[in-house]
Structures are given as C-alpha cells and as structure tokens.
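The structure appears right after this line, and notes come after that.
What you are looking at is a predicted structure, and each value in this text was computed from that prediction instead of being measured. In what follows, chains carry the letters A, B, and so on, assigned in the order in which the sequence lines appear, proteins first and then strands, with residues in each chain numbered from 1.
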Amino acid sequence: MDVGLLLSEIILAGAAGGLLLAEAFVPRLAKRRGMLLLATMSLVASAIVLVPRAGATATSFSGAFIVDGFTVYFKLLLLAATFLVLLGSGRFLDEVEDRQAESIALVLLATAALMLLVSATELITLYISLEMAGLSFAFLAAWHKHSDRSIEAGLKFFLLNALSSAVLLYGMAILYGITGETQLDAIAGNLASAPTPALLLSVSFLLAGFGFKVSAVPFQMWTPDVYEGAPTPITAYLSVASKAAGFAIVIRVLQTALPSAQQEWMTLVALLAAVTMTVGNVVALIQTNIKRMLAYSTIAQAGYILVGIAAGTDQGLAAVLFYLAAYTATNLAAFTAVIEISGRTNSERIADFAGLHQRSPWLAFALAVSLLSLAGLPPLAGFFAKIYVFWAAIQSGLVWLVLLGVLNSAISLYYYAQVIHDMYMVPGREAAPTRAMPPLAAALTITVVGVFGLGILSSFFMGAAEAAARTLSQ
Amino acid sequence: MVIPMELLVAGGFYTFAAAAIAGAISLIIARNVFHSALFLTLTLASAGGVFVILGADFLAAVQLLIYVGAVMILILFGLMLTPQDVELPNLSTPGQAISGAIVAAAIFVVSAATLLSAQWSGTAAEPSDVATTEQIGVSLFTTFVLPFEIASVLFLVAMIGAIVIARER
Amino acid sequence: MSQNAWIVAALPLASFLLIAAGARRSERASAWLTIISIGLGAGISGLVLAEVAGGARVQQSFAWLPLSGAFGLSLGFQVDPLTATMLVVVTSVSLLVQIYSLGYMRGDAGYSRYFAAMSLFTFSMLGLVLANSLLTIYLFWELVGLCSYLLIGHWHERPEAAAAAKKAFIVTRFGDFAFLLGILFLYWHAGTVDFTGLEQAAAAGRIPAAALTVGMLLVFCGAVGKSAQFPLHVWLPDAMEGPTPVSALIHAATMVAAGVYLMARTSPLLEHSATAMLVVAGVGGFTAIFAATMGLVANDIKRVLAYSTVSQLGYMMLAIGLGAMAAGVFHLFNHAFFKALLFLCAGSVIHLMNTNDMFEMGGLRRQRPLAFWATTIAALSLAGVFPLSGFWSKDEILAAASAQPLLFAAALVTVFLTATYMFRVIFLTFLGSPRGHAHEHPEPVSMAIPLAVLIVPSILTGLLGAPMVGNPLGSFLEGQAAHAEFDPTVAALSTAVALGGILFAWALYGGGKTEPAARLAAQFRPAHQLLVNRYYMDHLYDWLVRRVVLGIGWIANRIDLGLIDWMVNSVGAAAVAAGGSLRRIQSGQVQTYAWAFFAGAVTLAVVAAWPMLMGTR
Amino acid sequence: MPPSLPPLYPITLQHGLLLGAALFSVGLAGVLAKRNAIVILMAVEVMLNGVNVTFVAFAGYLQPPVLTGQVFAVFVIAVAAAEAAVGLAIIIAIYRLRQTVQVDKADELRG
C-alpha cells in the first residue's frame, strides 16, 4: 500500500486543515494574504509531487487508486484551475470576510476530492469522492448565505446532486450485481462479451449520473441557475474543475469498465452530445445575464467534448483531453474577466458591458479573446480543440454529429459576437477606470496567454494529451 | 407442526417489505411533516429488517443506529428549526405530482422489468448467513481503507460547511 | 548556427513583443531593442551564410496541426543558399534603415509604434524567407501585408496615407486570394505543400502538366500583387505616403522582393511549365518598360523611385521567367542595397525641404553633398554603368534575354529609360539653383552613417556575380559551378544605351533647367498626358470599381437581402424561438429539473435497450 | 427473455431487487411530488434505501459470496447521514431568509 501516491491530495487536505486551525487558534495571523499564500503554496507543492509520477502507472489501496499519465494530466489541470480561481477570488473573499479560512479550505478540499475522483478505479472510492466534491460545491454555491440567489443555487445544486448520485448509485448497484465486483478492471473482466439489458440499464443510469456532473442535456438543468446564483469565482471553479473531473471519470469508467458495451455507449454519448450542444447554443442565444449566457455556453462546450468521447478512439480521447485544457484556460479567462467587470459595474447584464472597451480595454480584450476562443476562431485554443475533436469524430464515422457541431459553432458565434459588439461598438456610460487587484490581473494574463499559447502551440499540448490518453488505453 | 424456515423467511421478508413500502407511500401522502418523518422511520426500520433477512446483520445494526438514531433526530431538529404551517402545502401542483408519478412509475417498470428478466449468474438459493460484522470490519481497514479515510474527510467538509451555512451570522 | 537559423526571425519578434508589452513607454528603448535585435540577427545571418557556403543545409518542420489520416499541417523552416542570401539582405538593409530611422523619425508621435511595426515586419519577412512550405510562406506573406498596411498608414491622420494603406491592402488581397487558391490547387494534386515535396512531385511527373501550369500561375498572381507587377502595380506608388525609411525598407529592398523571392523559391516547379515561364517573363518584361515610362514624368521624387522599383522588379521577374533564377536573385541582391540607398538619400532631402516635389528642390548638392554623391553612385549602379553592381546583374539578365528579341528589346529600352529618369532626379534635385526653401538643420549622424555604409555594397556587390571571379553567387545559388552569361557585345550595347539615357536627361534637364523638358512635353502632349495620368490605370480601376463591381454588388445585395437574408433570418428566428420555448422549461422549479433528469435517464435506458427490444441485436 | 415475477417463496434475489426498485421509485415519486424541502430530503433517503436493498440483495445471493455490496451500503448510509446534515443546513439557511422551506418558492433563478 503506497500512501505516497496520495501525497498530492494529502498536501491539499493538510493545508485546508492548517487554515482552519490557524483561524481558530491564532486569528490574528490568519490574514487573507497569508492564507492565500499557504493555499497556493500547497497547490504548487501538490503539483511538484505529481509531475514525476506522470511517467509510470502505479496503483495502491487494493487497486482502488491509480496514478498514471492520465490522472496526472487531469490533476495538474485541476490544480492549475484552482490556482487561477484563487488568484481571482479577492473580491469574493472580501465579501465573505467572516469565513475566509473556511472558504479557501473548502475549495482546497473540493480540489482534493476531485483529484481523488480522477484517480478512483473502484466504485466505492469513486462514489465517496464524488459525494465529497458534490457536498463541497453545494456549500460553496450557497456561500453568500445572506443572498437569496446564492442560497437558492445551493439548494438546487444540493437536491439535484443528491438525486443524481442516487441514480448513479443505482447504476453501480446493478453493475455490481452483474459482475460481483467494484474494481473497474475486474468489472470489465467479468462482463460477458455481449451486453445484456441489465448492463445497458446500468450504463444508462451511470451516464445520467455523470451527465449531471458534466452538464449534459437533459441532466444539465441545474447549471444555469447555479452558475447565476453562486458567487462568480465558485461558478468559474465549478465550470472548469468539476467539469474536467467529471469528464475524467466518465472516460475512466467507460474505457476501463465498459469496453464490452462500447458500441452502445458510443451511440448514447453521441446522442447526448447532439442534444447537449444544440440546446446549449440555442438557449444561450436569448440570454441577457452574462453568467447565464456563459452557463449555457459551457453546456454547449460539454456537447462538443462529448463528441470526442463518442468517437470512442484513442485519438478522440486525446482530443477530449486537449479540449478540456483549452476549455479550462478559455473559460477561466472569461469568468475572471466577468468577476472584475461585474464587480466594478455591480451588474451582470450583458447590456451593461456597453463601451467597456473604453473604460477597461484590457478587460474587454481578455473577454473578447476568450469568447472568440469559445466560438472556435483561429488561432485561439478553442479552434484547435474543435478541429481535433471533430476530426476524431469524422474518423469514427460520425459525420452527421460533426456537421451538427459545425452548425452549432456557427450559431454560437452570434451570441459570443453580440457581447463583443456591445463592448466595442456600443457607447457606454462614463466611469472612472480602476485598477484590478494584481492577483486577478495575473490570473487574467495567464489565462489569456494560455488561450493563445494552447492555440498556436496546439501540437505540443496535443502531444501531451495523446501521451496521457495512451496510458489509459494500455 | 414445524414451519419451514423458508416460509418464516418469506413471511418476514414480506412483512418488512410491505411495511417499508407502506411507510414510503404514507410519507408522500401524509399532510403533516412530522407524520412524514414518522413514516420515514418506519421505512428505515423495515429496511433494516429486510437487511437481516438478506443476511446483512451488521448493516441492519448500522441502519438502525445511524438512520433511525442519528438521521431521524437530525431531521426532527430540522423540522423544529423551520417552524411553519406544518399542514399545508402538501403536494405540488397536480400537473407536477402526476407527471412525477408517471416518471417514477416508468423508472420502476424499466428497472424492475430489466432486473427480473436478467440472468444472474451463480446466485445462491438463499442468502448466506455467515456473521458479517468481523468481515466488514476487517475489510473497512484493509481493502476499503481509502474510501473509509475519504469518508472521514467528507464528514469534515460537511461539518465545516454546515456550521458556516447554518449559523446565525 | 544554421540549425537554429530560426533565431534570426525570433529576435525581432521578441523585440516586437517586448515593445508591445511595455517598452513602448520609452522611445529610446523601443528603438534600440529593434536595432539590437536586428543587428544580432544580421550577425547570425552572416554566420549562417558562411556555414551554408561550407555546405550546410537544414530542413526542419514540426506538425503544427497533426491530424491522423492524409491531412494535417506542418510548419517549418529550411536553410539553403537562397535563404541564406536573403537573410543577409533583409537583416543588413533592415539594420541600416533602423539606424537611419533613429534620426529620421525623431519627434514623431508614433515613434515607438513605428519601431514595433518595423520589428514585426522584419520578423515576418525573415519568417517568409525561412519558410519551407507554401503554407508557411503564406502565413508570413499575410503578416507582411498587414505590417505594410500598418506602416504605410503610419501617419493615419493624413487621409492620403490612410487611403494608400487601404489601397495597398486591398489590391494585394486580390493576388493573395489567387495565391491561396494556387496553394490549395497544388496541395490537391501533389498532396503536400513542402517545397521539397512539391519539387519531387513535379520532377516525378506526379502533377499533371496543366495542373502545374494553373497552380503556378495562381501562385504567380500572389507574386504579382506583392511585387507590384502589372496590372496590380497601382498600390506601390501610393504607398510612398508612408515614412521614407519604410519606403526604403519594405517598398524597395525587401517586402516587394517577396514576390520575386517566391518565384525564385518555386522556380524548380516553374521550370516544368513553359507556359507559366513565358507568362512570368512577359509580365516581368512588360512591367519593366511600362513602369519606367511612368517614372519619366513623375514630379514626386519618391514616386519616381517607386516606379523604378516596379520596373526593376519586372526585370527580376523577367530573369526568373527566362529560367535565369540566379540572375534574378543576383539583381534582387544588388537592387536591395542601391535602392535602399536611393530612398534614404531621398529621405534626406525630403527631411531638409519638407516636400517631395522635385520642382521645389534644386541645387541641394551644397547642403547635402553626401546625399548627392550617394545618389549619383546608386543611380549609376541602377542604370547599369560599368563597373558598379547593377551593371553585372543587369547584364546577366540581358544576356539571358538575348534569345528572345522582343523581351530583349523591352529590357534594352528600359535601360535607356532608367538612366534617363534617374538622372532627371539628380539634375532636378541636386543641380541648378534652389527653387524651394530649405529648413536649415543639420543632418543627424544616425542618418549619415547608413548612407555612407550603403555606398559600399552599391559599388561592390556586383563582383559577387562577376564573370572574371567565376560568378561565385551564381554558383552558390545554383548549387553548381555556374559561369556568368557574359556577352561583351551585350555589355557594351547596354552601357552605351545607359550613357545615351544619361545624355538625354542632360539635354532635357541638364544643370537644373526645366524648359527643354516642358517644350518636349508640349510637343508630345497626348503621350505626356498619358504618362502623367499613369496610363489611366487608376481611372480604369476606379471606373471598374464604381460601375462594374458596385453594379454587381448592387445585384448581389438585392439577392442577399431578398434571399440569403431571408434564409439567415429565418434560421436565426427559428433558433431564437426554439431558445424561447426551451427557456420556459427552465422554469426555476427544481422539481421540474429533477423530472427532466429522470425522464432523460429513462429515455437513455430505453434507447440503449431498443435494439434488443426490437431483436436486432 | 421476458420478465416474470418470482415465485411467492422461497425468497430469491429477485424479491430483493423488486423491493429495491419499488423503494427507489416511491422515493422518487416523493421527490417529484412533495413541496417541503425537508420531506423531499426524506424521500431521497428512501431512494437511497432502495439502492441499499439492491446492494444487500446482491451481496446476499451472489456466488461466490462477496461482501462488497454490504460494505458499499455502509458507505451509502454514512454519506446519506452527511447529506442529511448538509441539506438541513442549507434548508435552515433558506428558511432564515424566506421563512419558508417550499422548494417551488425558490424560483428566482430561471430562464
């Protein structure tokens, strides 16, 4: 039993515990800057511990826990996302002044939970990590507990999350009944070569449960409400970290445990992908609140990512991995810009972004770049991500799905461009330009550079994604 | 007259199962939330009985201790902390309630039909009745030590969050 | 070093990024970043050239957009004699122009912006030179066009400058569009866009002859746009609205040479199509004489030089079309130096007089002796007078053309015209008595040094291709011992013609007088008008744009409004309507969401089991 | 193979599975039909019990016997307890703001 494999998660949990203890016993020392420093240091330390593990596959805890290229890829993505979210959370932490330590600690614990989830290769471990992450998110969504909207978001997330895990659990129970196993690879070993109706029922329930995590239609309905109501940094965190881990576990379960039903799950995922991207884009067209619009946009993005999973090949997986990296950078750039913009104007209405270009050119530029990347315009990250995913799908014969995807991208350009149009073309009211807090500015710069870098140097990052995807299929 | 063991088991199972389902249905029908809570207790306790019959004695104990002992108390506290008109409103709008019932029925039909038609390879005629407590205890600290440890952190998360969200300030 | 030749291009990119990132706040930092980066680049280019001369060749590419199957795009660079030569030309001329700009642009409001754009331009041009595939070249090609737009429009508050920038951009777009089509066309037939791959495919006959001709002609269209060949030459004279160092660097020495470079680079392909070669040679020869005639009557000193550039680029195209790639590049090489020198001298007198009109200058020999002597040497070189650099390359082209009587005649006439308009410039500007008012301010040293330095290559670089030293440049470029086609008769003839042109200029404008020229103009009034109005080409384009294009546009607009708009609007309206109804489902009721969730789960289960229920699996 | 009801006795795996499905569905009906958030929480507990019955049934009847299903059920109970605490905390917070725990009143976020 190699506890060392868990070190990166232990560091985060330890830092969270340290924060709570510091706040309880030496409140004078627990200043925001110090706490953020500790948190980011723990993230960095965790990443440093992880990187050397990328080369080899190691399992521990009776095969319940795995560290390989695939998990390291996702964990580094999660750590980077958490790091950037923390950088951009200054305003949020000001607003929850009396519970700063708990806020940061919960984010760290949620990250640890997602990292455990990514590494879980056994159903019980998977379930309990998932619940730990879900409960953290429910709290974080409700963290502005004096705000009607935040607490409503928390309630909705909590209830639907509980239901989704119930369905997931039912699917796991059936899978356990069929195979008598909870280890993913043992499940695959015990499955008959042809799927039975019971297995398909289980697969459907599992997909529904995971569909909730990744916001696939029709399991996505919590997404816009929670994204709108939750504190914006938490929304940013949910939209990237939770989603990335959700996709990681979908891929892990489908690939490792259910290869015998591959033909069936490919059909189901393709169906989900088609519905998800279409509904996401079409409803995004008529949104007036930027966070809601971005929520529907993330739903649409989940649809594109599902296209890559539906391809069912190594190439599709690599494309999904790359897509998630591109998506993380892009969405974080967008949300970080939105945090700052809406914080200044005290409004999340898209109409109030008018003339932003004059007031804060850098913010407007960052938001415009991220939106164009989401729309999939070259040479930004989103463009290459879409190319890779669509190409993999074409190679698997899913031409109809790719055509739908391209049509959807065209539709999406409309609402993304609308925001840019408002920012650049519509004169806005005068407001004194203010300076963003340095950490937030840094987060914004890093993400925008990422959006360009992942695009222009896509082949380099795609190479990493391919290597990570290969470790899974071995 | 010797009543066959099988019959005893069957009688117990049906009794507990009926009580569990009746409790669950009554939970929905009850107009008073405190009554709902009591029916929930009935369902949970009956489920514990089913566990015993299915050979899960340790689990039955856990069910009674945690569910009936802890969760029910928690729910009752919750009910008392949110005083309101406990009688009304009861069900959702008819449309919501009926469509909900239809979907629930569909879930039942689909899962029951699938599970009943399936071939469960190598199932025993009757549940094994070895003592499970020790086995489960050992496996919790060997095979499943990781989820066990994660569960402890999960409780930490629940504790921090609940304190922060539910406290007055 | 040649393994890492990309550093040469990366340096100015780094300086551009640094300026953009913050160095722009300091004018001094912006300028010196640019100069140092290009200076280092020039040094490295020299090393690369030395290595390549020693036999080094580099070919590197990486998959930029790796897709499985037959597709996927790669980017890369290569180093061979042609690249190495061009690297040296671009970096050295660019370096001197940047130093010159230090003084010339002093006090300009957009000083940092100017140097940032210059850095970006140099990067793009170097990237273009290093490219190893048509696709890579195209990317930098577009970037070069963008920089040209930025630099021509540097003084964007002047309407002429803004209009000229737009004109340059739009006119070259026509060529670029054809170029892109050509790349796609060649890719379609050869399955690759790498130069080596294309050459192999063409050599192995894997590209059908007709396809190769069409593809190469489309590629040539791109070169026509960028190198301002007839009939897309109209943008270059207008581009003189940019600052003079810009004109020197990008509209004389480097960027416009990109078209010639492209044709030189693809000449192994071109050689497989006699038709394409003939077209290239014909367009080049015609442009040479055509532009030279317009240079005879222009009054704006920079415009004369611009026409001269167009004409000389025509020469180079002519050489490449005749299969004398090395001669064309040799001329490009020489031309880069003496034309940059001419422009910088022009900049020097413009700086002094604050006007471009030569009829408001005169007698500047005393105030700007260095510029006078430099101009004279460069003009003699341009006219092809022995033994200056232009003589050797021009004679090689003439010798190559001697088999084609028509082209040879055009080239020879051009020599005469070239000598005439160049000495017209010298007589009007530097000799005679002053006709305008000079703002007496001393020339900054930073402007004088590049002039002095550039005189040297204007005299000497011809020796690199001189027959008596064995034509080292030609051998280097051709990759085999090339003997210069030197024909004493042709040399004597062209020199005589050039001297005749100079004498003719003397007869018309000698000593700064203008009356004989005016008399001649009156005598041949229609011809003169034709030239002054630039063969009415701009009018023609204007008319075309206004009548034909706008007419077609009007019709297209009707169709667009009536049909396409309707379709787009309908789809949009349908999408919005669908969004509206889906939005109503999003009622805010958590139980509705839960309902949808379970309905979805059941649906998935039914869909999954459907084939089994139907018995198809 | 068409689904068929198990014999009245002896009690088999199918009996347990049927009970599990029934509890799961009745709980679901409660979730979808009740308004009071706390009652919905109770209904979720019923659903989880349905799953647990399924787990225990499998664990009891599968051959060779594997107790993993029971262990899984232990964890489900543990998580259910934590979930109840979390849910009640959020419900109390929403009650403090709105003086109601009806979920259909929480529809400020929509569209």
Side chain to side chain contact (heavy atoms under 4.5 Å, CB included) for Val74(D) and Phe144(B)? Distances and angles first, verdict last. CA-CA 11 Å; Val74(D) 170; Phe144(B) 297 109; over 6 Å; no
Is there a side chain to side chain contact (heavy atoms under 4.5 Å, CB included) between Phe75(D) and Phe148(B)? Walk through the geometry before answering. CA-CA 8 Å; Phe75(D) 280 103; Phe148(B) 188 79; 4.2 Å; yes
Is there a side chain to side chain contact (heavy atoms under 4.5 Å, CB included) between Leu91(B) and Arg35(D) once you walk through the steps? CA-CA 6 Å; Leu91(B) 285 176; Arg35(D) 288 189 194 197; over 6 Å; no
Intermediate values then yes/no, side chain to side chain contact (heavy atoms under 4.5 Å, CB included), Ile38(D) and Val33(B): CA-CA 8 Å; Ile38(D) 298 182; Val33(B) 286; over 6 Å; no
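Only the side chain of Ser139(B) comes within less than 4.5 Å of a heavy atom of chain D; its backbone N, CA, C and O stay farther away. Of the two parts of Thr100(D), the backbone and the side chain both hold a non-hydrogen atom closer than 4.5 Å to a non-hydrogen atom of chain B. Residue Thr143(B): no heavy atom, backbone or side chain, is found under 4.5 Å from chain D. When heavy atoms are compared at a cutoff of 4.5 Å, Leu88(D) approaches chain B solely by way of its side chain, counted from C-beta outward. When heavy atoms are compared at a cutoff of 4.5 Å, Leu40(B) approaches chain D solely by way of its side chain, counted from C-beta outward. Interface remark: Leu48(D) contributes side-chain atoms only to the contact with chain B (heavy atom separation under 4.5 Å). Looking at Phe13(B), the atoms closer than 4.5 Å to chain D (heavy atoms on both sides) all sit in the side chain, from C-beta outward. With a 4.5 Å cut-off on non-hydrogen atoms, Leu74(B) touches chain D through its backbone and its side chain both. Interface remark: Phe58(B) contributes side-chain atoms only to the contact with chain D (heavy atom separation under 4.5 Å).
Here Thr82(B) is the residue among Ile21(B), Val71(B), Thr82(B) with the most heavy-atom pairs under 4.5 Å with chain D. When each of Ile77(D), Val79(D), Val53(D), Val31(D) is checked for heavy-atom pairs under 4.5 Å with chain B, Ile77(D) comes out on top. Of the listed residues (Ala82(D), Ala93(D), Gly87(D)), the one with the most heavy-atom contacts under 4.5 Å to chain B is Ala82(D). When the candidates Leu79(B), Val9(B), Leu154(B) are compared by the number of heavy-atom contacts under 4.5 Å with chain D, Leu79(B) comes out ahead. For the set Val56(D), Val86(D), Ile92(D), the count of heavy-atom pairs under 4.5 angstrom toward chain B peaks at Val56(D). Heavy-atom pairs under 4.5 Å with chain D were tallied for Ala106(B), Gly23(B), Ala70(B), Ala37(B); the largest tally goes to Ala37(B). By number of non-hydrogen pairs under 4.5 angstrom with chain D, the leading residue of Ala112(B), Ser111(B), Ser92(B) is Ser92(B). The most heavy-atom pairs under 4.5 Å with chain D, out of Ile98(B), Leu27(B), Thr43(B), Val62(B), come from Leu27(B). Chosen from Ile53(B), Ile25(B), Thr132(B), the residue pairing most often with chain D at heavy-atom distances under 4.5 Å is Thr132(B).
Residues Ala85(D) and Ala162(B) approach most closely at O-CB, 4.5 Å, considering heavy atoms. Between Gln14(D) and Ala118(B) the shortest heavy-atom distance is NE2-O, 4.4 Å. Residue Leu28(D) comes nearest to Ala104(B) through the heavy atom pair CD2-CA, 3.8 Å, listed as atom of the first residue, atom of the second, then distance. For the residue pair Lys34(D) and Ile28(B), the shortest heavy atom distance occurs at NZ-O, 2.7 Å. For Arg96(D) against Ile165(B), the heavy-atom pair with the smallest separation is NH1-O, 4.1 Å. Nearest heavy-atom pair across Pro7(D) and Tyr14(B) is O-OH, 4.1 Å.
Note that the CE atom of Met42(D) and the OG1 atom of Thr41(B) stand 8.5 Å from one another [nearest 0.5 Å].
Within the 4.5 Å cutoff, no side-chain heavy atoms of Tyr95(D) are placed close to those of Leu81(B). Taking 4.5 Å as the limit, some side-chain heavy atom of Asn52(D) sits within range of a side-chain heavy atom of Phe51(B). Here the side chains of Leu17(D) and Trp120(B) are in contact, with some heavy-atom distance below 4.5 Å.
Using modelled atom types, one side-chain atom of Gln96(B) and one backbone atom of Leu32(D) make a donor-acceptor pair closer than 3.5 Å.
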